[in-house]
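These notes concern the structure reproduced below.
Hydrogens, waters and symmetry mates play no part in the numbers below; they use all other heavy atoms, side chains included. Throughout, protein chains are lettered first and strands after them, A, B, ... in sequence-line order, and every chain is numbered starting at 1.
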Number of protein chains: 2
Amino acid sequence: MSDIEQLKQQVEAQGSVVRDLKAAKADKAQVDEQVALLQALKKKLHIANGGDADESKKKGGSGKSLILKEPKGTKDYSPKEMAVRTEIFSTIVSVFEKHGAVTIDTPVFELKEILVGKYGEDSKLIYDLKDQGGEECSLRYDLTVPFARYVAQKSISNIKRYHLAKVYRRDQPAITKGRMREFYQCDYDIAGIYDAMIPDVECVRVAVDVLRRLDVGGFVVKVNHRKILDAIFEVSGVPQEKVRAISSAVDKLDKAPWTEVRREMTQEKGLEEAVADRIGQYVQISGPGEEVLAKLRALPELMASAKAQEGIKDMGLFFRYAAIYGILDYVSFDMSLARGLDYYTGIIYEAVLVEENVRLPTAPESSAKKGKGDAVDESQIRVGSIAAGGRYDELVGMFSSVMHAKGKKTDVPCVGISFGVERIFSIVKSRRSEAEIKANRTQVYVISLGDTLTDSLLEDRMRIAAELWDAGIAAEFAYKVKPRPQAQYDACDSAIIPWAVIIGKDEIGQGTVKIKNMAQKVEEEKGGVTVPRTNMIAELKQRLQMN
Amino acid sequence: MSDIEQLKQQVEAQGSVVRDLKAAKADKAQVDEQVALLQALKKKLHIANGGDADESKKKGGSGKSLILKEPKGTKDYSPKEMAVRTEIFSTIVSVFEKHGAVTIDTPVFELKEILVGKYGEDSKLIYDLKDQGGEECSLRYDLTVPFARYVAQKSISNIKRYHLAKVYRRDQPAITKGRMREFYQCDYDIAGIYDAMIPDVECVRVAVDVLRRLDVGGFVVKVNHRKILDAIFEVSGVPQEKVRAISSAVDKLDKAPWTEVRREMTQEKGLEEAVADRIGQYVQISGPGEEVLAKLRALPELMASAKAQEGIKDMGLFFRYAAIYGILDYVSFDMSLARGLDYYTGIIYEAVLVEENVRLPTAPESSAKKGKGDAVDESQIRVGSIAAGGRYDELVGMFSSVMHAKGKKTDVPCVGISFGVERIFSIVKSRRSEAEIKANRTQVYVISLGDTLTDSLLEDRMRIAAELWDAGIAAEFAYKVKPRPQAQYDACDSAIIPWAVIIGKDEIGQGTVKIKNMAQKVEEEKGGVTVPRTNMIAELKQRLQMN
C-alpha cells in the first residue's frame, strides 16, 4: 500500500510541474513531455489500484492519453531537411571514397557485453533493449566499438572503412545545440599495421577536405598526442590514480580559462598546487606545429621522458606529412586537447569552428532593426566541435583476445575520424531559405487545360507520363480526373518543377504538345514551344541535358 | 531458495541442449546461441548464490563469457555486400524519385503507444526498449505506422514519400530464407484525397519498374480488393466474428492446395462445409483482369452486394489504367490474395517470383555431377513475396483523431508499396561472383619501384596522391615507407583498381610518371605510357573520362 501512497505523491508533484510550465507558457514540446510523464504516472497508479493495464490496447491505441510526438531527443526529418542531409552525406561519402574507403553495416543493437567497459562514465547513457527472452542487447553508442568488434570477429588484418549511421545516447537533449539522443555519425577509419603517421595524417586531410567542401566556415583542427599528455602528467607529478580526472579537467580548457581549470584540479580533485602549476605551463602551449615542436624539444625535463620522445617523434612526422598534404594552415598543435574516451593511444584531433563562425548568421534586416551596433545576438548557437578522432591501437585486440582460446590476441592498430553531422546540418540548413530547397527530383509536370467539364484528358496525361517514365524522365501530374488549371500550375511552383508538358483539345487534335519552362529562364520560349508529340521526348531530353 | 534450485535445473537442461547440439555437429551460429543462453543462466545462478553481477564489467568486458557475434537475427554487411546493397537501393530510389517522391526520416524507435493495436497478433513481435526512466519506447515494426503518425502529427494533407530504413521484428529468424529480425524496408506511399485508383495504379507501376530494373527474374503482381473479399465472405455466409480467421486461411492458398485450406476452415476454425465450398468457388478464381472482372460480373449473388460493386468498379478502373501504363502483362487478378495486416481498406497487391525463379541458380557443374536428371535441389531458396502493399484509408485518421480535441479526425487516404529488399538482395547477390564485385571506388593506385632500400619515394607518392585528390581523382597508395613492388601490384589487383601511376628514380629524375592500365584493356598502352609529370592529371582525366 505504501507503493500507492508514493505514486499518489509522485502524481501530485508531477501535476504541479505541468501546471507551472503551462503558467510560464513554456514551449509546447516541453509541456507535452511532462504531460506524458504525468499520464504515465497516473496510469501506474490506476493499475496499482487494481485497474486494467491493457485498457489502451483494447481501444486500439486511441486512448486519450496518446500524444502524437517523436520520442524525447529524437526528431523527424522533413523532405526539405532530408534534401539538405542527403547533400551533406553525399559530399562526405565522396571524400571518403576518394580516399579508397569501403563501407560496412552493423546492426543497430549489439550484445550488451560488447559495449560494456568501453565508454567509462558515459556507459550510463547506453540504451538497453527490454529483456523479452534471449540475448541482452543495447543500442550502439558509437560506430567505433561495433567496427572493432567487426574487425576482430572476422579476423580482418586491414581495412579502410566508412560508416554513416545513427547512434544512441540517453543524454539530456539540447536540440538547439544539435545534441540529440538519436543522431548520425559519419566515421572513416583505417585499420592495419602500417608505418608511423601515414594513415593518421590522411584522416586529418580527409577532415579538412570534408569541412572545406561542406563550406561550414572557418575551422581549425587541434591536434595532440596521448603519449605527450601522459608524459606531461608524469613529469608534473600527477599521481597515477588521478591521471584520468586531471586529463578530463584539461579537456575543459577550450571552454574555461586556466584559472578555473586550475581551481578544479586543486580544490575539487585534490591536486597539489605546484603540480597544477607545472601542468599549466605545458598545457597552455599551442600554435603552429614546428613552433610547438621546437618549444617542447627545448624542455629538458619533458624530453627526459621516453614517452614524450615517442610522441614528439610521431608529431614531427605528422607535421612533415601535413605540409606535403597542404593542410598545415588548418592545423594547430594544442597541448590542452585531451579527448574523453578511454581507448585512444596516439595522436588525437578535434576540428572546431573558429569564433566568428560559432553563431548562426543573423538576417541583415533584423540586426539593422535592433540598432544596437555590434551587440552579439544572445541566441547564437555555439556548435564547437564538429569532427574528432584519433589513434586507438588496442581496441580490436581487446575483442580478439576473447575470441581465441588462451587469450591469444591479435592487435589491429586503428586510426579514425568521426563527423558530428547534426551540428554540420544545423549550420548548412541555417544558410538556406526553406522555399529554395527542392526536395523532389521531378523534372516535368504534365498539365491539361481546356474545357475540363466535358473532357478531362486524364488518360492523355497518364499516357504522356508513362512515356516520360519509360524514357527515364521524372514526371508527375495531378491525380484528379478534372484538375483546375491553376491547381496544376501551383503544384509546379510549390514543388519547384522546372518544365511542364501542356496539352489541351487543340494539341491532342493536332498531335502536338506544348513544352514550357516554368522558371521562365529561357527567354525565347517564354510562352512555351509547341512540338510534335512524336518529338516530345527528344525535345525534353535536349532541354534537360540528358543524353 | 527454490529459485536457486530452479536455476540449477535450467542450467542442467540447457547444458544437455548444448552437448546434444555439439554431438550432432550443429552449425556454429546455433551452438553459439545456446552456449550464450547457458552462460546467461550460469551467471544468474552465480548471482543468486551471492556472486557479483558486475564481474564482467570490472574486467572491461573481456570476461570469458563474451562471445563475438552479431545479435540473433541480425547480420553485418561486408564491403562487397554493401556494394550490392547500395546498387539495389540506388535503383529503387531512382524509380521512386522518377515518380516525384520526396523522402523523410523518422526515429528508429517510437513511443510504445503509437505502435499498440496496429499489428493484430504480430504485436508480440515488437521490440521494446528497457524502462530506464522517461517514456516507454519500442523499435519500429514497419515504416507505414511511423509514416501515418508523421502525416497526422504534422497535419499534412498530401505527400508522396519514400523511406528506406531498417525495421525490427522479434520473429524466429530464417536467414537462408532472408527472414531477419533487423531488415530493410523500402516504402513508397501516396497520401492525399485523390480520384479513384490513379495513385493506386501508379504504385503497381512503380513495383513493376523497380523489379524489372533489378532484374530479379520472372515475377507476377497479384492484385485483389478488400471490399470484394469482404463481399465474398458475406455472401458465402461467414459469421462476422470469423471473417479475420477465414481471411488468414485464404491467404495461405499460395502455399497450400485448396483441400488443405478447406480442412483448416472447417475443422480448425469451425466453418460450415457448405460455406467453405461457396468460398472455394470464389477464391479459386484468378487470371487476367478483364477475364476475372467478367467472371465476377456474371455472379448475380455477388453482384447483389454493394461492397462487391464498389470493389469491382475500382478494379475496372485499375485495369483500364494499368493498360495505359503498359503493365497488364505483369498483373494477375487473384481472389485468393488476402494480406494479413489489419489496416488495408481497398486494393491490395503482392509481387511474387514465378516458379522457375524461386530457387537459387545452381552451378552447372554441380548439377551435372549429381546426374539425377531433373531432381530439384532440396536446398533451394524459396523467396516468394518480394513486394507488397495496398490502400489504407483510415490509419492516419486513427492518429489525427487523438491529436485534436473532441476526437475530430482528419482522414488522409493512403496507398503504398513496400519492397522486401533482403530477399531481393539474396537473389541479386547469388548472381554475382564475389571476386568481381568492386567494393571501393578507387581509380588510381600510386606505386613506387626501384631500390627500396636506399630511397622509398614515400613522400613522392604522397605528393602525387595529394595532387590526385585535389583533382577529384580517387587514389590510394601503400601506407609503408618501403613497400615491395609485388605487394603494391597485389593491392591493385585485389581491390580491382583500374589505373596505376608508377614512379621510380628515373621518372623522378626526368620529371615524368608512368600511367598504366592495370586491367590491360588498352592494347596499345600495355606496358604503360610515360607522360610529363605536369600532364599527369590531364592524361588521367582523359583516360578516366572525367571532364
Quick check on the interface: out of [options], who has the most heavy-atom pairs with chain A under 4.5 Å?
options: B:T86, B:V201, B:V444, B:D470; answer: B:D470
options: B:F477, B:Y150, B:F96; answer: B:Y150
options: B:L115, B:I473, B:L468; answer: B:I473
options: B:E182, B:E110, B:K166, B:R205; answer: B:R205
options: B:R161, B:K160, B:E81; answer: B:K160
options: B:A478, B:C137, B:S78; answer: B:S78

Name the option with the most non-hydrogen atom pairs under 4.5 Å to chain B; the candidates are A:P107, A:A474, A:G326, A:G133.
->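 Greatest number of close heavy-atom pairs with chain B: A:P107.
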With chain B, which of A:A466, A:P79, A:A475, A:A101 has the greatest number of heavy-atom pairs at distances under 4.5 Å?
->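 With the most close heavy-atom pairs to chain B, the winner is A:P79.
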Return the set of residues passing side-chain contact (heavy atoms from CB on, under 4.5 Å) with A:R213 (not counting sequence neighbours), or none when no residue passes.
->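 Result, side-chain contact (heavy atoms from CB on, under 4.5 Å) vs A:R213: A:T91, A:V95, A:K98, A:D209.
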Atom pair [atom1] ([X]) and [atom2] ([Y]), whose distance is rounded to the nearest 0.5 Å:
X: B:I193; Y: A:K480; atom1: CD1; atom2: NZ; answer: 7.0 Å
X: A:Y321; Y: B:M462; atom1: OH; atom2: CE; answer: 5.5 Å
X: B:D131; Y: A:D128; atom1: CG; atom2: CG; answer: 11.5 Å

Please indicate whether B:R441 has more than 12 foreign heavy atoms, meaning atoms of other residues, nucleotides or ligands, lying under 6.0 Å from its CZ.
->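 Not buried by this count: 12 neighbours or fewer within 6.0 Å.
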Under 6.0 Å from the CZ atom of B:R320, do we count more than 12 heavy atoms belonging to anything else shown?
->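 Counting other residues, nucleotides and ligands, CZ of B:R320 stays at 12 neighbours or fewer.
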Would a 4.5 Å heavy-atom cut-off, applied to side chains only, mark [X] and [Y] as touching?
X: B:K80; Y: A:V102; value: no
X: B:Y325; Y: A:R463; value: no
X: B:L129; Y: A:K130; value: no
X: A:T106; Y: B:E70; value: no
X: B:L68; Y: A:S400; value: no
X: B:K154; Y: A:D76; value: yes
X: B:N440; Y: A:E97; value: no

Residue part contacting chain A, namely of [X], when any heavy atom lies under 4.5 Å:
X: B:N158; result: neither
X: B:I190; result: side chain
X: B:Q443; result: neither

Quick check: closest heavy atoms across [X] and [Y], and the distance to 0.1 Å?
X: A:P71; Y: B:L111; result: CG-N, 3.7 Å
X: B:L139; Y: A:F109; result: CD1-CE2, 3.9 Å
X: A:Q132; Y: B:I126; result: NE2-O, 3.1 Å
X: B:M82; Y: A:I104; result: CG-CA, 3.7 Å
X: B:V108; Y: A:Y168; result: CG1-OH, 2.9 Å

Thinking salt bridges, do A:K75 and B:D105 make one under a 4.0 Å N-O criterion?
->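 Salt bridge flag = no for B:D105 with A:K75.
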Cationic N near anionic O, under 4.0 Å, A:D195 to B:K482 |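 A salt bridge is absent here (no side-chain N lies under 4.0 Å from a carboxylate O).
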Option from B:K69, B:R181, B:K72, B:R170 for which salt bridge (charged side-chain N to carboxylate O under 4.0 Å, His left out) with A:E135 holds =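 Considering B:K69, B:R181, B:K72, B:R170, a salt bridge (charged side-chain N to carboxylate O under 4.0 Å, His left out) with A:E135 is found only for B:K69.
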Under 4.5 Å from a heavy atom of chain B, the part of A:I159 involved |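 Just the side chain, heavy atoms under 4.5 Å.
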Which word best sums up how the rings of A:Y194 and B:Y479 line up, parallel for under 30°, tilted for 30 to 60°, or perpendicular for over 60°?
->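 Perpendicular, since the angle between the ring planes exceeds 60°.
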